[in-house]
Amino acid sequence: MSRNLFFSVFLFFVLLCVTTSCSQAIASQSEFALATVCTITLYDKGKPQVYRDIFNRIREIENRMSVHIQGSDADRINKSAGIEAVKVHDDVFEVIERALYYAEMSGGAFDPTVGPLVSLWDIGSEQPRVPSQTEIDQVLPLIDWQQVELNQESKTVFLKKPGMALDLGAIAKGYAADEAAAIIRQERIPRAIIDLGGNIVAVGEKPDKTLWRIGIQNPLDIRGAHIGIVQVREKTVVTSGVYERFFEADGKQYHHIFSPFDGYPAANGLLSATIIADASMDADALSTAAFVMGYEKARLLIESLEGAAGIFVFEDLSICITRDVDFILSDDDFWVAVD
Ligand code: ADP
Ligand code: MG
């Protein structure tokens, strides 16, 4: 073996050892949490400890905010409805405060007190069902965000009417995604993609400085089939749609986003509403709000908010886009309407 060749082989093994042992980089990690598949992709510095920290934080948030976990703050608030105020963790207080802000801003289309409706339809369980009109009429008076009392000093939450119940399913994933992004920035990881069941945050920028390309789910196709992509930098992209959770009865599809006004799955010609914004908690609340409000009202709301934009997909396969969105259509069954 020539000296040069020997040196090259030696160098190759040294480099191999350095890249495998020093970085121990993990390209991406998926876990089931917040009732969905959560995938974190840390570029360049994907150390196992950082993945662990992120998933621990996501689970901590779930354990505080899920109404399905006995003893969680949300569960305790619901069990004390009409009885007493409940002291909660700062995380929970912050999310409920923000939820009430969006409830007001959306004229009640977004309402974190939809709990009784969600239970009545039982969507997401083994046996969802279409309730009777009498049952719906019975729970509708309990859906009222104005009956939630917050106390800033004591950090307590009180649902004033017995039978009321919070459901933070439309906002908690956004909060968790923001918290994951905070850890990534704290760890100085230059770029990452957070995907909590379609709640996406793009952190940092790609090495070649090009924009992140985030796929927009085709609401009528299998998961991962996209109608197009949005190009973003340091933004969150969140979609609420008919496809996320639904069931069929008598040849009709019923999805999981309810109109607090009539108690039925929101029906206003939309298949999905996507919000692009700076904070994922805001985008999460807004995408649900937009889906319930419908295009005309949602558009006015979104355009009044700094840094926010929307993509609306309709049942006739048309797409309406608010200003400032870099959207590239890739499925020619759909078409972008110009108004
Ligand atoms: P997903 O969780 O599927 O990504 P959303 O963020 O739109 O979609 O949240 C939908 C969930 O929010 C429902 O499963 C339910 O728990 C709750 N929810 C349903 N309707 C409303 C509403 N009008 N306002 C607030 N939360 C709602
Ligand atoms: Mg939402």
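First listed ligand is number 1; within each ligand, the first listed atom is number 1. In this text the structure is predicted, and so the values were computed from the model without any measurement.
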Peer 1: Under the side chain to side chain donor-acceptor pair (under 3.5 Å) criterion, do Tyr243 and Gln253 qualify, and how do the steps go?
Peer 2: CA-CA 10 Å; Tyr243 56 89; Gln253 275 196 2; over 6 Å; no

Peer 1: Counting from 1, what ligand 1 atoms have a heavy atom of Pro260 closer than 4.0 Å?
Peer 2: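 What qualifies from ligand 1 is 23 (N).
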
Peer 1: Would you name the heavy atoms of Ile61 and Ala172 that are closest together and state the gap between them?
Peer 2: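 Ile61 and Ala172 have their closest heavy atoms at CG2-O, 4.4 Å.
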
Peer 1: Report yes if Asp284 has an N/O atom closer than 3.5 Å to an N/O atom of ligand 1; otherwise report no.
Peer 2: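 Yes.
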
Peer 1: Identify the closest protein heavy atom to atom 20 (N) of ligand 1: which residue and atom is it, and at what distance?
Peer 2: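 The protein heavy atom lying closest is Phe258 N, 3.0 Å.
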
Peer 1: Hey, which of Ser287, Ser240, Ser280 is the one that makes side-chain hydrogen bond (donor to acceptor under 3.5 Å, both in side chains) with Asn199?
Peer 2: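 Of the listed options, the one satisfying the test is Ser280.
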
Peer 1: Check this for me, if you would: do Glu31 and Arg59 make a salt bridge, where the nitrogen-to-carboxylate-oxygen distance has to be below 4.0 angstrom?
Peer 2: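 Yes, charged N to carboxylate O under 4.0 Å.
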
Peer 1: Can you report which non-hydrogen protein atom sits closest to atom 26 (N) of ligand 1, along with the distance?
Peer 2: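 For this ligand atom, the closest protein heavy atom is Ala170 CB, 3.4 Å.
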
Peer 1: Taking distance alone, with no angle check, do Asn199 and ligand 1 share an N/O pair under 3.5 Å?
Peer 2: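 For ligand 1, there is no N or O atom that lies under 3.5 Å from one belonging to Asn199.
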
Peer 1: Kindly identify the option in His255, Lys173, His256 whose heavy atom sits closest to atom 3 (O) of ligand 1.
Peer 2: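 Of the listed residues, His256 has the closest heavy atom.
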
Peer 1: Find out whether Thr322 and Phe312 are in side-chain contact, i.e. whether some heavy atom of one side chain is under 4.5 Å from a heavy atom of the other.
Peer 2: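 Yes, their side chains come closer than 4.5 Å.
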
Peer 1: Under 3.5 Å between some N or O of ligand 1 and some N or O of Arg245?
Peer 2: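 N/O-N/O distance below 3.5 Å does not exist for this pair.
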
Peer 1: Answer yes or no: are there more than 12 heavy-atom neighbours, outside Asp250 itself, under 6.0 Å from its atom CG?
Peer 2: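 Open: at most 12 neighbouring heavy atoms sit under 6.0 Å from CG of Asp250.
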
Peer 1: Restricting to non-hydrogen atoms, name the atom on Val232 and the atom on Ala202 that form the minimum distance, rounded to 0.1 Å.
Peer 2: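 Closest heavy-atom pair between Val232 and Ala202: CG2-CB, 4.2 Å.
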
Peer 1: Of all the non-hydrogen atoms in the protein, which one sits nearest to atom 17 (C) of ligand 1, and at what distance?
Peer 2: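 Sorting protein heavy atoms by distance from atom 17 (C) of ligand 1 puts Asp167 OD1, 4.0 Å first.
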
Peer 1: Measure the distance from atom 5 (P) of ligand 1 to every protein heavy atom, then report the residue, atom name and distance (to 0.1 Å) of the closest one.
Peer 2: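 Heavy-atom neighbour on the protein nearest atom 5 (P) of ligand 1: Thr288 OG1, 3.3 Å.
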
Peer 1: For Ala285, state whether at least one heavy atom is located under 4.0 Å from any atom of ligand 1.
Peer 2: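 No, that is not the case, since the closest heavy atom of the residue is not under 4.0 Å from the ligand.
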
Peer 1: How close do Leu142 and Pro162 get, counting heavy atoms only, and between which atoms?
Peer 2: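 For Leu142 versus Pro162, the nearest heavy atoms are CD2-O, 3.5 Å.
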
Peer 1: Using a strict threshold of under 4.0 Å (side-chain N to carboxylate O), is an ion pair present between Asp53 and Arg57?
Peer 2: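 Salt bridge: no.
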
Peer 1: Is the number of heavy atoms from other residues, nucleotides or ligands within 6.0 Å of CZ (Arg213) greater than 12?
Peer 2: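 For Arg213, atom CZ is not crowded (no more than 12 foreign heavy atoms under 6.0 Å).
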
Peer 1: Between ligand 1 and Ala109, is the shortest N or O to N or O distance under 3.5 Å?
Peer 2: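 There is such a contact, yes.
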
Peer 1: Mark the output for Gly198 as yes if a heavy-atom distance to ligand 1 is under 4.0 Å, and as no if none is.
Peer 2: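 It does not; every heavy atom stays at 4.0 Å or beyond.
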
Peer 1: Hey, can you tell me if Trp212 and Tyr43 have their rings parallel, tilted or perpendicular (30° and 60° cut-offs)?
Peer 2: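 Geometry flag for Tyr43 against Trp212: tilted rings.
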
Peer 1: Which bit of Ser287 gets closer than 4.0 Å to ligand 1, counting heavy atoms only: side chain, backbone, both or neither?
Peer 2: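 Answer for Ser287: neither.
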
Peer 1: When you group the ILVMFWY residues by side-chain heavy-atom contacts below 4.5 Å and let the links chain together, are Val148 and Tyr175 in the same group?
Peer 2: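 Yes, same cluster.
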
Peer 1: Can you figure out which of Ile257, Val114, Ile123, Leu34 has its heavy atom closest to atom 18 (N) of ligand 1?
Peer 2: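 Residue with the shortest heavy-atom distance to the ligand atom: Val114.
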
Peer 1: Taking NZ, NE, NH1 and NH2 as the nitrogens, is one of them in Arg98 or Asp284 under 4.0 Å from a carboxylate oxygen of the other?
Peer 2: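 Salt bridge between Arg98 and Asp284, a charged N being under 4.0 Å from a carboxylate O: no.
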
Peer 1: Give me the nearest non-hydrogen protein atom to atom 24 (N) of ligand 1 as residue plus atom name, then the distance to 0.1 Å.
Peer 2: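 Ranking protein heavy atoms by distance from atom 24 (N) of ligand 1, first comes Asp111 N, 2.9 Å.
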
Peer 1: Around the Mg ion (ligand 2), how many protein N, O or S atoms are there at under 2.8 Å?
Peer 2: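 Excluding waters, the total comes to 4.
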
